Amino acid sequence: MNVKTILFTALAAMSASLSSAQTLEKMNWFNEPEQWNINAGELTMRVTPKSDYWRISHYGFTVDDAPFYYAEYGGEFEAKVKISGDYRTRFDQAGMMIRIDHENYIKTGIEFVDGKYNLSTVVTHRTSDWSVIALPRPVDCIWIKAVRRLDAVEIFYSFDDKEYVMMRNAWLEANHPVKIGMFAASPDGEGFNAKFSGFSVKHLPDAVRTKWLKQNSAQ
């Protein structure tokens, strides 16, 4: 095989890999905001005023109307995204959401409450719960990573995309396709600018199948 043939084969393989990769342009909107843009792998949006995701508990209302930009995946995966926003009003929030339907979803990221930045996770299975970790000072951005294995999702945060700390382990029905992507909400406010970059979803081999194959490998 000559050098020209080798180069052509390598370029063809690279082209095929790029064309089959998940890109922001191939994703879908749920509750598309009036203003948004994709440029150089970065999604920016003007968050819809008076929008949120919540079901029933504590507050007594259900809302399902905030912007969510997603792709659909089955099986187990690791997802990651970098998040920033000019949060202004109580409960302004931006982050990652993993969603089966309107009664089953996880949203996690930054939430602005009483003038402070909080790492926030809402887990909803018919009714919503809410957990927060208050940050001592504002941050320009955070990275969120979610790892789905079997019937659980482990959620991590990082300030530098190097050291990740787990903030929640939440149940999610196994072997059910999910929508995963970037969301933002402004329940009390008139909206704000949110920015997302580096969004990726990496397939993980199914844990149960991998164990079975190991136990039943050919001798």
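Just so it is clear, the model here is predicted, and its values are computed rather than measured.
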Ring centre gap for Trp143 and Tyr157 strictly below 6.0 Å: no
Aromatic ring proximity, centroids under 6.0 angstrom, Phe30 and Tyr70: no
Asp92 and Arg90 ion-paired at < 4.0 Å: no
Pairwise distance CG(Asp140) to CZ(Phe159) - rounded to 0.5 angstrom: 11.5 Å
Val201-Ile106 co-clustered via ILVMFWY side chain contacts under 4.5 Å: yes
Over all atoms of both residues, closest heavy-atom pair of Lys82 and Cys141: CE-SG, 3.5 Å
Residues Asp161 and Lys145 bridged, charged N to O under 4.0 Å: no
Single-linkage hydrophobic cluster, 4.5 Å side-chain cutoff, Tyr164 and Val153 together: no
Test log, rule side chain to side chain donor-acceptor pair (under 3.5 Å), inputs Asn118 and Ser120: CA-CA 6 Å; Asn118 296 267; Ser120 170; over 6 Å; no
Sequence-distant partners of Lys50, salt bridge (charged side-chain N to carboxylate O under 4.0 Å, His left out), two or more places apart: Glu190
Glu34/Arg46 ion pair, N-O < 4.0 Å: no
Considering all heavy atoms, the nearest Val208-Leu150 contact: CG2-CD2, 3.4 Å
Sidechain N-carboxylate O distance under 4.0 Å for Arg149, Asp206: no
